[in-house]
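Worksheet: the structure to be examined is printed underneath.
Since we're looking at a predicted model, the values are computed, not measured.
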Amino acid sequence: MTVSRFWNPPALPPPASRYSQAVMTTGANRWLHLSGQLGVARDGTIADGLAAQIDQALANIDAALADAGMVRADLVKLTFYLTTNDAAAIATYRARRDAFLGTTTPPAATVLIVAGLAAPAYLAEIDAVAAA
């Protein structure tokens, strides 16, 4: 049986938003490591704007989880790459991430601001690790 412990060790600073500082998984028989997902739909359409691209990338993660027989609660790590470094972009990232996770215990998470992604139209990319 897979057991993941999500917590914020008291020796670390508290999270800046809704994520876990640490996740320890034991008993996992399956690990899913997803390549970075972009705000691109199956038909190749690029979502318009940061919020829409984050939502599409998260929808792609959902689809990959489902295909692997997993669910959002199996996520243990999310890494977000954003091309914009301002308060509005960070607020958008946090809001879209929190809406995606809902009441699920938040996995460990990292957000990085990068100079660019594989094409100028891409504003966000997200990779994920899940365990079950």
Side-chain angles (χ1 to χ4, degrees):
M1 179 171 117
T2 301
V3 176
S4 292
R5 176 182 173 212
F6 300 82
W7 82 103
N8 297 305
L12 299 180
S17 62
R18 193 169 175 268
Y19 61 89
S20 297
Q21 287 280 34
V23 180
M24 180 173 28
T25 301
T26 58
N29 293 320
R30 298 180 304 130
W31 286 87
L32 177 65
H33 294 260
L34 293 176
S35 295
Q37 297 301 304
L38 298 163
V40 179
R42 174 98 169 98
D43 66 3
T45 304
I46 300 172
D48 187 25
L50 180 61
Q53 286 196 21
I54 291 171
D55 287 347
Q56 181 61 60
L58 291 169
N60 294 346
I61 289 170
D62 247 355
L65 288 169
D67 198 61
M70 296 174 137
V71 295
R72 292 177 188 176
D74 295 322
L75 289 167
V76 295
K77 176 73 165 134
L78 290 170
T79 303
F80 290 76
Y81 304 86
L82 307 178
T83 61
T84 305
N85 187 15
D86 60 33
I90 298 302
T92 297
Y93 139 74
R94 287 180 175 157
R96 302 320 310 144
R97 179 201 59 207
D98 290 354
F100 173 77
L101 293 172
T103 60
T104 300
T105 301
T110 299
V111 61
L112 300 159
I113 308 303
V114 297
L117 297 168
Y122 301 147
L123 305 175
E125 186 168 347
I126 309 164
D127 61 47
V129 177

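Leu38 and Asn60 get closest at one heavy-atom pair: O-ND2, 3.0 Å. Annotation for Leu32 and Ala64: closest pair CD2-O, 4.2 Å, computed over non-hydrogen atoms. What you find for Ala108 and Val23 is that their closest heavy atoms are N-CG2, 3.6 Å. Between Thr2 and Ala131, the closest heavy-atom pair is CG2-O, 4.1 Å.
Identified under the salt bridge (charged side-chain N to carboxylate O under 4.0 Å, His left out) test for residues 30-51, with sequence neighbours left out: none.
Residues Ser17 and Asp98 form no side-chain contact, since every pair of their non-hydrogen atoms from C-beta on lies 4.5 Å or further apart. A heavy-atom distance below 4.5 Å is not found between the side chains of Ile54 and Arg97. Residues Thr83 and Tyr122 fail the side-chain proximity criterion, which asks for heavy atoms closer than 4.5 Å.
Without hydrogens or angle criteria, Asp74 side chain to Val71 main chain gives a donor-acceptor distance under 3.5 Å.
When the options Thr104, Asp62, Thr105 are evaluated for a side chain to side chain donor-acceptor pair (under 3.5 Å) with Arg72, the one that passes is Asp62.
Note on Trp31 and Ile126: separate hydrophobic clusters, where clusters join Ile, Leu, Val, Met, Phe, Trp and Tyr whose side-chain heavy atoms are under 4.5 Å apart, directly or indirectly.
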Going through the distances and angles, do Tyr19 and Thr110 end up as a side-chain contact (heavy atoms from CB on, under 4.5 Å)? CA-CA 9 Å; Tyr19 61 89; Thr110 299; over 6 Å; no
